[in-house]
S.K.: 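First, the structure itself, so that you have it in front of you.
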Amino acid sequence: MDGQVHAFLRYIEVEAGFSRNTIQAYRNDLEQFMAFLAPLGLAGWRDVGGQTIVDYVLHLKERGYSTATVARKVASVKSFFHFLIKEGRLAEDPTATMAAPRVRKKLPRVLAPEEVVRLLAMPREDTGAKALRDAALLELLYASGMRVSELVALDVGDVDMASGTVRCFGKGGKERLIPLYARAVDSLAEYLADGRVAYLKSREERALFLNPRGARLSRQGLWLIIKGYVKAAGIESEVTPHTLRHSFATHLLSGGANLREVQELLGHSNLATT
């Protein structure tokens with residue numbers, strides 16, 4: 001039985017091109033499965049039936065594994081048996097009628113309104129181009145609910161100060177126009193007037209948010225900026241750039257906004273995602 005497992009691992013490495021970490025995860029899952037089978041005295045993989053798979057799932061749950069972990073281990077076993085069928089080494093798949101345990105999605109972490117106030121205030125405790133830039137990007141993230149990739153892709157021309165709107169392009173190049181509240185518009189105006197010019201190295205550069213080298217701010221750079229202000233604001237829970245997007249949506253809904261309106265602002269094609 002070991003031989004078939006080794007053949008499968010070699011297949012996903014050489015032919016499927018799986019990463020080293022993924023291959024190691026499959027190896028660990030299948031070794032654990034074989035350890036469960038060992039006391040049963042099975043002659044080969046043909047002796048593994050559907051009930052054996054069910055017993056294995058129950059065994060994993062009894063050991064206290066999370067639903068997500070059980071689902072992953074079951075998926076590894078299913079992939080292995082699919083390989084045996086494909087290679088003609090097995091006639092029937094004992095996992096064919098078995099679905100992986102359903103993993104419930106957790107609601108995303110959001111900031112409380114008072115935490116948002118503290119976070120947005122942090123750049124204003126300093127002066128200079130960096131403070132103006134950081135205040136503008138934090139305000140814009142929270143005011144628009146944009147994805148990080150959308151924000152760093154913005155050009156100067158995507159912001160309409162007169163109408164107080166920002167144009168961004170989401171997944172699949174889908175364009176949307178997002179209204180901004182007054183403080184976000186004011187922060188952008190201050191940054192464009194006195195902050196961006198301090199970073200600008202070339203008049204040809206159209207990126208809205210720049211790094212000290214005068215180039216477009218990267219996603220990694222934005223994440224480091226947010227991480228620093230989260231720490232300075234004394235927010236102990238984990239906050240990612242996407243947390244502001246979740247907070248934007250949650251606070252809008254809590255304030256009475258229509259779910260369809262929030263869907264459009266977030267750029268979701270599916271209402272279920274919202």
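Side chains are part of it too, since the values below use all heavy atoms of this structure and drop only hydrogens, waters and symmetry mates. Since this is a predicted model, take the numbers as computed values, not measurements.
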S.K.: Does the side chain of L265 come within less than 4.5 Å of R176's, by heavy atoms?
M.R.: no
S.K.: To the nearest 0.5 Å, what is the distance between CG (L120) and CG (L244)?
M.R.: 7.0 Å
S.K.: If you define the side chain from C-beta out and look only at heavy atoms, does anything of K61 sit under 4.5 Å from V57?
M.R.: yes
S.K.: Would you say L259 ends up clustered with L252 if hydrophobic residues are merged whenever their side chains have heavy atoms under 4.5 Å apart, either directly or through other cluster members?
M.R.: yes
S.K.: Tell me whether H82 contacts the main-chain N or O of T95 through its side chain, where contact means a donor paired with an acceptor under 3.5 Å.
M.R.: no
S.K.: Can you measure from CZ (F248) to CG (L266) and round to the nearest 0.5 angstrom?
M.R.: 5.5 Å
S.K.: Please say yes or no: joined through hydrophobic side-chain contacts below 4.5 Å, possibly via intermediate residues, are V54 and L30 part of one cluster?
M.R.: no
S.K.: Could you go step by step and tell me if R124 and S187 meet the side chain to side chain donor-acceptor pair (under 3.5 Å) rule?
M.R.: CA-CA 10 Å; R124 302 177 189 279; S187 294; 2.6 Å; yes
S.K.: Check whether F80 and F36 end up in the same hydrophobic cluster, where Ile, Leu, Val, Met, Phe, Trp and Tyr are linked by side-chain heavy atoms less than 4.5 Å apart.
M.R.: yes
S.K.: Taking C-beta and beyond as the side chain, do W45 and L37 meet within less than 4.5 Å on heavy atoms?
M.R.: yes
S.K.: I'd like to know whether CD of E238 has more than 12 heavy-atom contacts from other residues, nucleotides or ligands below 6.0 angstrom.
M.R.: no
S.K.: Taking the side chain as every heavy atom from C-beta outward, state whether R245 and L141 have any pair of such atoms under 4.5 Å apart.
M.R.: no
S.K.: If we only count heavy atoms from C-beta on, is the H251 to V116 side-chain gap below 4.5 Å?
M.R.: yes
S.K.: Would you say F169 and L154 are hydrophobically clustered, going by side-chain heavy atoms of ILVMFWY under 4.5 Å?
M.R.: no
S.K.: With clusters defined by side-chain heavy atoms of hydrophobic residues (ILVMFWY) lying less than 4.5 Å apart, directly or transitively, does I12 cluster with V14?
M.R.: no
S.K.: Return the CG to CG distance between L138 and L222, rounded to the nearest 0.5 Å.
M.R.: 8.0 Å
S.K.: Is the backbone of D155 close enough, under 3.5 Å, to the side chain of D158 for a donor and an acceptor to pair up by distance?
M.R.: yes
S.K.: Identify the residue among L137, L132, V156, L208 that makes a side chain to side chain contact (heavy atoms under 4.5 Å, CB included) with L188.
M.R.: L208
S.K.: With distance as the sole test, does R133 use its side chain to make a donor-acceptor pair with the main-chain N or O of F209 at under 3.5 Å?
M.R.: no
S.K.: Atom CZ in R183, atom CG in L140: separation rounded to 0.5 Å?
M.R.: 12.5 Å
S.K.: Quick one: closest heavy-atom pair of R196 and E205, and the distance?
M.R.: NH2-O, 2.9 Å
S.K.: Is the shortest heavy-atom distance from the side chain of K201 to the side chain of R213 under 4.5 Å?
M.R.: no
S.K.: Sort out for me which residue in N21, N28, T22 forms a side-chain hydrogen bond (donor to acceptor under 3.5 Å, both in side chains) with Q24.
M.R.: N28
S.K.: Shortest non-hydrogen contact from P94 to G49?
M.R.: CB-C, 3.7 Å
S.K.: First locate atom CZ of R89, then atom CD of Q4, and finally report the distance between them rounded to the nearest 0.5 Å.
M.R.: 6.0 Å
S.K.: If you count every heavy atom of other residues, nucleotides or ligands that lies below 6.0 Å from E175 atom CD, does the total exceed 12?
M.R.: yes
S.K.: Could you pull out the closest heavy-atom pair between S149 and V152, with the gap in Å?
M.R.: O-CG2, 3.5 Å
S.K.: Taking atom NZ of K231 as the centre, does the number of heavy atoms from other residues, nucleotides or ligands within less than 6.0 Å exceed 12?
M.R.: no
S.K.: Give me the atom names and distance for the closest heavy-atom approach of C168 to E150.
M.R.: SG-OE1, 3.9 Å
S.K.: Are there more than 12 heavy atoms of other residues, nucleotides or ligands under 6.0 Å from atom CZ of R10?
M.R.: no
S.K.: Out of F81, F18, F33, Y26, which one pairs with F8 under the ring-ring contact (aromatic ring centres under 6.0 Å, His included) rule?
M.R.: Y26
S.K.: Looking at P179 and L177, what are the two nearest heavy atoms and their distance?
M.R.: CD-O, 3.9 Å
S.K.: Do the non-hydrogen side-chain atoms of D29 and V77 ever get within less than 4.5 Å of each other?
M.R.: no
S.K.: Rounded at 0.5 Å granularity, tell me how far CG in L217 sits from CH2 in W223.
M.R.: 14.0 Å
S.K.: Return the orientation label for the H242 and H246 ring planes: parallel under 30°, perpendicular over 60°, tilted otherwise.
M.R.: perpendicular
S.K.: Can you confirm whether more than 12 heavy atoms, excluding those of E92, are under 6.0 Å from its CD atom?
M.R.: no
S.K.: Search all heavy atoms of Y199 against all heavy atoms of N211 and return the closest pair with its distance.
M.R.: CD2-O, 3.6 Å
